[in-house]
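Data block below; observations after.
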Protein chains: 2
Amino acid sequence: MNDPQDGETLSRETAPTEPLSAHAEPAPGDLDEIDRRIVAALMNDARQSFATIGASVALSAPAVKRRVDRLRAAGIITGFTAVVDPSRLGWTTEAFVELFCTGRTNPDQIQQAARKHPEVTAACTVTGEADAIVQLRAKDMAHLEQALERLRAEPFVTRTKSVVVLSRLT
Amino acid sequence: MNDPQDGETLSRETAPTEPLSAHAEPAPGDLDEIDRRIVAALMNDARQSFATIGASVALSAPAVKRRVDRLRAAGIITGFTAVVDPSRLGWTTEAFVELFCTGRTNPDQIQQAARKHPEVTAACTVTGEADAIVQLRAKDMAHLEQALERLRAEPFVTRTKSVVVLSRLT
DNA sequence: AATGAAAAAAATAGGAA
DNA sequence: TTCCTATTTTTTTCATT
């Protein structure tokens with residue numbers, strides 16, 4: 001994917017040692033290559049047996065189990081979950097909501113509020129005009145509206161700006 | 001050999017042209033309360049045993065297993081995955097990017113473009129001024145910028161507006 | 001410290017009622 | 001659906017490098 005990016009006229013010589021798509025693995029934390037492959041395998045299928053994983057990383061089942069235990073204890077793997085097709089569960093209406101908050105709202109307040117509403121599937125503070133973006137998922141538009149009203153009722157929320165998801169592409 | 005769903009085989013002459021695996025979603029929302037609780041339990045911990053789940057929904061382990069099998073076959077549960085703390089794996093920089101597109105860009109084009117870039121973790125078309133929102137996740141700010149540049153180079157993209165995630169609250 | 005092998009305990013996968 | 005059972009997997013224990 002080498003895209004000609006010549007927009008800049010500054011013809012500073014490019015550093016020849018800099019690989020563009022450097023997959024530099026500085027090994028954050030203390031995961032080795034086997035740990036990474038175990039994590040990848042579990043992300044792919046969290047219910048496969050340790051023996052199966054072991055076969056793909058050339059380790060015995062107990063050895064894999066110990067590493068998984070260690071990864072969980074270290075907080076690298078935080079849990080295992082079922083991947084559900086939300087549309088099949090009926091909560092098919094989605095929205096992104098920008099939250100504008102009062103002057104000295106802190107992230108903890110937003111977080112606490114987010115946890116109160118089950119329709120909130122994600123929340124984060126952001127750069128830009130808004131203070132936070134939350135993702136909502138609801139059964140239908142009426143449900144979404146109701147959830148949004150509840151959010152707007154939070155004392156620190158001064159204004160919201162929503163966009164509704166028309167279709168999910170990924 | 002074992003056809004689980006033959007309960008109502010009317011002895012009407014079999015239609016030879018009938019696709020066997022007609023994924024006829026006959027009842028997209030026909031999960032009963034127990035199914036929902038099983039799904040919730042698995043979302044909470046995908047590696048707990050069927051017996052444990054059974055204890056919480058007052059069902060035997062084999063009964064739970066059959067329901068899970070059915071939920072998977074129906075495409076409601078699409079898989080099981082490990083939940084990983086992304087910051088421990090390196091891709092810690094996130095952004096929401098609004099995409100403004102040329103006049104008659106269709107969703108398929110956006111979808112194809114989204115698939116080309118590994119940094120895109122989600123993409124959807126939305127109401128409002130922008131045509132789509134994509135979520136990016138990258139190793140660091142430089143990586144994010146590079147991914148954004150690649151996105152902006154798509155021929156149908158006229159303009160983008162990004163906000164960077166400061167911290168994830170959920 | 002980390003691994004593999006073996007044994008014990010637990011879970012799973014089907015079958016029958 | 002539950003019950004039952006053979007098979008597989010998990011988990012502990014122990015010996016090895």
Side-chain angles (χ1 to χ4, degrees), chain A residues 25-85 88-89, chain B residues 1-10 20-21 23-85 88-89:
Chain A
E25 324 294 53
D30 50 351
L31 313 182
D32 63 9
E33 185 54 30
I34 293 179
D35 286 328
R36 287 176 180 279
R37 287 169 60 191
I38 290 174
V39 168
L42 283 172
M43 285 172 63
N44 197 260
D45 177 5
R47 277 187 82 93
Q48 64 188 306
S49 73
F50 294 141
T52 303
I53 299 170
S56 69
V57 300
L59 234 50
S60 68
V64 173
K65 180 198 181 299
R66 285 192 191 102
R67 280 173 179 262
V68 172
D69 287 345
R70 197 162 49 78
L71 289 165
R72 297 193 66 170
I76 290 157
I77 293 176
T78 61
F80 302 99
T81 185
V83 182
V84 172
D85 182 350
R88 304 299 295 273
L89 269 178
Chain B
M1 151 180 7
N2 49 358
D3 196 342
Q5 320 259 58
D6 64 338
E8 50 189 353
T9 33
L10 305 174
L20 188 65
S21 63
H23 277 22
E25 279 60 355
D30 71 340
L31 312 176
D32 62 14
E33 188 52 32
I34 293 179
D35 285 328
R36 288 179 182 278
R37 288 170 61 191
I38 290 173
V39 168
L42 283 171
M43 285 172 63
N44 196 260
D45 178 5
R47 278 187 83 94
Q48 64 187 308
S49 72
F50 295 143
T52 303
I53 299 170
S56 68
V57 301
L59 233 51
S60 67
V64 173
K65 179 196 180 298
R66 288 195 179 99
R67 278 173 182 261
V68 172
D69 287 345
R70 194 166 52 74
L71 289 165
R72 298 193 65 170
I76 291 159
I77 293 175
T78 62
F80 301 99
T81 186
V83 182
V84 172
D85 182 350
R88 302 299 298 270
L89 274 177

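So that the names make sense, note that chain A is the first sequence line, chain B the second, and so on, each numbered from 1. When reading the values below, keep in mind they use all heavy atoms of this one structure, side chains included, and skip hydrogens, waters and symmetry mates. Because the structure is predicted, anything quoted here is derived from the model rather than measured.
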Side chain to side chain contact (heavy atoms under 4.5 Å, CB included) test vs A:I77 passes for just one of A:V39, A:I38, A:D35, namely A:V39

Heavy atoms of B:A63 and B:L59 approach each other most closely as CB-CG, 3.8 Å

Note to self: Taking any heavy-atom pair under 4.0 Å as a contact, classify B:S49: base, sugar-phosphate, or nothing.
What the structure shows: sugar-phosphate

Handout entry: Phosphate OP1/OP2 of D:dT11 contacted by A:R66 side-chain N/O (<4.0 Å)
Key = no

Of all heavy-atom pairs linking A:M43 and B:V84, the shortest is SD-CG2, 3.6 Å

Whole-Å distance, B:D45 CG to C:dA11 P, equals 13 Å

Rounded to whole Å, CG of A:D35 lies from P of C:dA1 at a distance of 17 Å

Here the distance between atom P of D:dT11 and atom CZ of A:F50, to the nearest Å, is 6 Å

Atom CG of B:D69 and atom P of C:dG15 are separated, to the nearest Å, by 13 Å

When B:L59 and A:Q48 are each assigned the nearest nucleotide of DNA chain D, the 5'-most assignment goes to B:L59

For A:D85 and B:G75 the tightest heavy-atom approach is CB-O, 3.5 Å

- Message: Less than 4.0 angstrom between a side-chain N/O of B:K65 and OP1 or OP2 of C:dA13, yes or no?
- Response: yes

Computed from five pairs at either end and rounded to 10 degrees, the angle between the axes of the helix from C:dA1-D:dT17 to C:dA17-D:dT1 is 30°

inquiry  = Classify A:R70 by what it touches in the nucleic acid, base, sugar-phosphate, or nothing, heavy-atom distance under 4.0 Å.
reply    = nothing

Can you tell me if A:R47 touches the phosphate of C:dT12, counting only side-chain N or O atoms and a distance under 4.0 Å to OP1 or OP2? yes

Legend entry - CA sep, side-chain torsions, deciding dist, call: B:R47, A:L42, side-chain contact (heavy atoms from CB on, under 4.5 Å): CA-CA 11 Å; B:R47 278 187 83 94; A:L42 283 172; 3.8 Å; yes

Apply the test side-chain contact (heavy atoms from CB on, under 4.5 Å) to residues A:T81 and B:F80: give CA-CA distance (whole Å), side-chain angles for both, the deciding distance (0.1 Å), then the verdict. CA-CA 6 Å; A:T81 185; B:F80 301 99; over 6 Å; no

